[in-house]
Amino acid sequence: MVQTGLKNMMSKINIHNEADVMVISVNNPPINAGSTEVRKGLLDAIQALQNDPNSSAAVIIGAGNTFIAGSDIKEFSQPLAEPHLPTVISAIENCSKPVVCALHGAALGGGFELALACDARIALEGTVVGLPEVTLGIIPGAGGTQRLPRLIGVEKSIEIICAGSRIKADEALKLGIINKLVKEDLLGNAITFARSLIGQKIRIRDVSTPSVEASTVLAATQKALKAGKNRPNIHKAIEMICNAITLPIDQGLAIEREVFQELRVGTEAKALRHQFFAERKLFKALGSDEQKPKRIEQVAVIGAGTMGSGIAIACLSAGYIVLMLDQNEAALENGAKKVADFYDSRVKSGKIAAEKASTILKNFTYSSQWADIASADLVIEAVFEDMEVKHAVFQKIEEYASPEALLASNTSYLDIDAIAAKTQNPSRVFGLHFFSPAQVMKLLEIVRCKFTAPSVIAASLQFAKRLGKTPVISANAFGFIGNRIYAAYRRQCEFMLEEGAYPEQIDKALEDYGFAMGPFAVADMSGLDIAWAMRKSQVGTRNPEHRYVNIPDALCLAGRFGRKTGSGYYEYLEGAKKGVVDPFVHKVIDEASATKGIIRREFTSEEIVNRVLFAMINEIAHLASEKVVSDVTDCDVALVNGYGFPRWCGGPVFIAQEMGKDKLNSEIDALAKLSGPGFIKANLDGLFE
Ligand code: NAD
């Protein structure tokens with residue numbers, strides 16, 4: 001934005017006058033985050049406005065691409081420095097001259113609370129506003145829970161604040177959150193608007209919250225608590241919003257601030273900040289120009305099965321041109337139908353417009369002819385999990401794809417270096433490990449092989465970003481990151497079965513802790529036969545000295561492969577969504593304990609959860625020492641985004657770091673004793689670097 005007549009230059013806030021209107025511009029790139037300096041500059045600017053006889057109104061606007069897109073979250077880990085945002089907000093409200101907020105880009109969190117303190121809000125098309133604080137374990141702390149209900153009512157406020165949702169400008173206009181929406185010249189329009197308000201103050205604080213039926217509040221509350229996983233901050237947010245009806249605003253504001261401060265320093269908020277920063281680091285390799293990532297526009301997906309069709313959907317929805325290839329005509333037709341049905345159901349459920357679906361599907365073709373992959377920039381292989389098949393497929397890919405194309409395998413467990421070794425140019429070969437369903441799951445493991453070029457990794461990060469995925473980079477090692485940690489977790493759960501717990505008890509303890517699903521319910525859902533086949537293939541290589549739990553094999557031998565066969569760790573009654581406890585499974589488990597001479601004992605939920613957590617922490621420490629991960633916090637990201645680990649618990653690495661090395665050391669020693677032969681204690685140093 002060009003600034004004329006610059007009168008006063010503060011580091012993060014610029015002020016200039018447009019005749020009788022003062023323009024206060026926030027300049028804290030890249031997102032104009034509300035930091036201490038920004039708050040201080042704004043406070044000074046409002047004082048300057050009050051004292052300036054030549055200014056009769058003001059506009060607050062963001063420099064660059066956005067308004068204040070949130071607060072500086074780094075500051076949340078320390079005592080907040082003065083002036084606090086409520087002080088700035090009071091200054092705006094108490095200033096005798098009107099202040100108009102001009103919004104573009106995003107006005108989120110503290111930025112939106114600031115806007116709510118102004119006398120009017122004008123927005124450029126495309127702006128989003130919202131209060132995402134709950135996603136960080138806190139609540140809005142500068143009046144969001146008091147002013148928004150006064151503006152749009154309690155019911156809608158509960159919905160918006162408790163979901164932390166972003167409201168698009170046209171919706172915000174309908175709700176009355178913004179006063180005016182403009183297509184262009186935001187500043188010019190805001191100045192005109194501010195001028196029209198000269199001599200008036202229109203403060204939301206002076207408005208009463210619209211009255212509402214108790215039953216409406218109850219329904220909104222129940223919905224928000226369910227969606228918000230019943231977290232304590234969601235309860236608090238609702239309580240605060242309801243205060244907007246029952247309490248005078250100053251009292252409501254004081255309580256809101258107190259609760260905000262309490263939650264801010266709590267473990268849950270700390271854990272969520274840990275996840276936030278861990279996820280923000282993921283794309284750091286993209287910053288470097290040296291990588292020169294290849295531009296990807298066309299993707300060929302080889303294999304039209306479960307994963308291939310899901311990957312095709314993920315790519316299509318991100319705007320890529322996609323070709324799906326399968327050697328089996330029936331599988332190809334079936335996969336193509338899955339893609340078409342997916343968009344059809346999105347249209348029917350009103351999630352996307354019919355025109356949008358048809359535009360997307362115009363980018364989709366399917367074929368059994370290898371020559372059709374010639375124009376692809378990226379080829380993703382998702383054929384059977386068999387090394388010979390993969391070799392044959394990569395040979396075909398090399399024969400028909402452009403020599404510039406990047407070549408990825410979606411294998412779960414095979415050695416991608418071995419796949420690359422048989423290609424002519426291993427520098428373009430790498431892993432893209434999607435999780436099922438590929439169009440839904442956020443996690444994407446990018447596997448860096450021995451010869452993968454750095455530019456290929458950069459391109460795959462860019463690809464992941466466009467897909468809206470959360471990528472973690474793994475070395476080429478068995479199970480990569482996620483499945484390796486999950487295997488250690490599963491193993492520990494099986495040990496506990498043998499020692500005295502039952503599947504439903506373990507599942508319940510872990511679901512109560514916050515996991516999306518317990519491990520045995522997950523196993524039944526995915527099917528027990530695949531892991532059984534893998535165990536059978538490992539019979540010759542498994543160390544007979546290591547502790548081995550026979551229970552899963554016994555269930556498979558009894559024909560119990562999980563949900564699809566009507567029984568596994570649970571029994572699945574016709575049409576029932578959830579499995580029920582089956583005495584047969586208890587019998588199998590009791591016998592397994594007896595065969596090994598184990599005297600079964602009681603487990604508390606806490607013990608179950610701790611054993612799982614310490615097993616994961618130990619495995620992550622192994623991954624760090626083996627250099628499978630370069631940053632251990634990536635493991636927390638993988639578990640939260642791919643394995644249903646509760647985000648608000650931060651992840652095993654967060655838990656380890658909070659606990660400290662000494663205590664962790666003795667906990668892992670105790671776990672080693674309980675686990676018996678085969679458990680290898682890792683060097684824990686990598687968790688604390
Ligand atoms: P799938 O059996 O559903 O589909 C595989 C498809 O590949 C079939 O349609 C088959 O016809 C096709 N195919 C086989 N050989 C081919 C060839 N030579 N040329 C062309 N097409 C060929 O398998 P899936 O579950 O989609 O798994 C595919 C890959 O993804 C595997 O490597 C698997 O380990 C991996 N993976 C699977 C999951 C999962 O949950 N299913 C998750 C992550 C990764």
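Atoms within each ligand, like the ligands themselves, are counted from 1 in listed order. Just so it is clear, the values below take in all heavy atoms, side chains as well, and ignore hydrogens, waters and symmetry mates.
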Any N/O pair E381/ligand 1 closer than 3.5 Å: no
Contact check: E385 vs ligand 1, nitrogen or oxygen atoms, below 3.5 angstrom: yes
4.0 Å heavy-atom contact, F435 with ligand 1: no
Geometric N/O contact M307 with ligand 1, under 3.5 angstrom: yes
Check against ring pair (Phe, Tyr, Trp, His ring centres under 6.0 Å), F515 and Y489: CA-CA 12 Å; F515 274 93; Y489 158 47; 5.4 Å; yes
E445 and S474: side chain donor to acceptor below 3.5 Å: no
Between E329 and S368, a side-chain donor and acceptor under 3.5 Å: yes
E499 bridged to R547 by N-O distance under 4.0 Å: yes
Between D507 and Y502, a side-chain donor and acceptor under 3.5 Å: no
Per-atom contacts, ligand 1 versus G305 - under 4.0 Å to a heavy atom: 3 (O), 4 (O), 6 (C), 9 (O), 26 (O)
Shortest protein contact, atom 22 (C) of ligand 1 (heavy atom only): V383 CG1, 3.4 Å
Ligand 1-proximal atoms of A331, by part, heavy-atom distance under 4.0 Å: side chain
Within-cut-off N or O pair, K390 and ligand 1, under 3.5 Å: yes
H433 contact mode with ligand 1 (heavy-atom cut-off under 4.0 Å): side chain
Atom 30 (O) of ligand 1 [closest protein heavy-atom partner, distance rounded to 0.1 Å]: N410 ND2, 2.9 Å
Subset of ligand 1 atoms that lie under 4.0 Å from at least one heavy atom of S436: 40 (O)
Identity and separation of the nearest protein heavy atom to atom 2 (O) of ligand 1: F384 CE2, 3.4 Å
Minimum non-hydrogen distance to atom 9 (O) of ligand 1, winning option of D326, N334, N483: D326
Those atoms of ligand 1 less than 4.0 Å from some heavy atom in V393: 17 (C), 18 (N), 19 (N)
Test side chain to side chain donor-acceptor pair (under 3.5 Å) applied to N363 - qualifying residues, sequence neighbours left out: none
Main-chain N/O of P677 paired with E545 side-chain donor or acceptor, under 3.5 Å: no
Check: F435 ring centroid to H433 ring centroid under 6.0 Å: yes
Y343 side chain to S317 side chain, donor-acceptor N/O pair below 3.5 angstrom: yes
Contacting atoms of ligand 1, where contact means under 4.0 angstrom from a heavy atom of T411: 32 (O)
Aromatic Y320 / basic R466 pairing, under 6.0 angstrom, 45° off normal: yes
Short side-chain to backbone donor-acceptor contact, K442 and G468, under 3.5 Å: yes
Ring geometry between F561 and W532 (parallel below 30°, tilted from 30 to 60°, perpendicular above 60°): tilted
Any A382 heavy atom less than 4.0 Å from ligand 1: yes
Contact partition for T306 relative to ligand 1, non-hydrogen atoms under 4.0 Å: both
Per-atom contacts of ligand 1 with S412, taking only distances under 4.0 Å to non-hydrogen atoms: 33 (C), 34 (O), 35 (C), 36 (N), 37 (C), 43 (C), 44 (C)
Within-cutoff protein neighbour (heavy atom, under 4.0 Å) for atom 13 (N) of ligand 1: yes
Ligand 1 atoms in contact with N328 (distance to a heavy atom under 4.0 Å): 11 (O)
Heavy-atom check, side chain of V456 versus side chain of F451, under 4.5 Å: no
Under-4.0 Å salt bridge between R490 and E494: yes
Minimum-distance protein heavy atom relative to atom 20 (C) of ligand 1: Q327 N, 3.4 Å
Ligand 1-proximal atoms of F434, by part, heavy-atom distance under 4.0 Å: backbone
Ligand 1-proximal atoms of V389, by part, heavy-atom distance under 4.0 Å: side chain
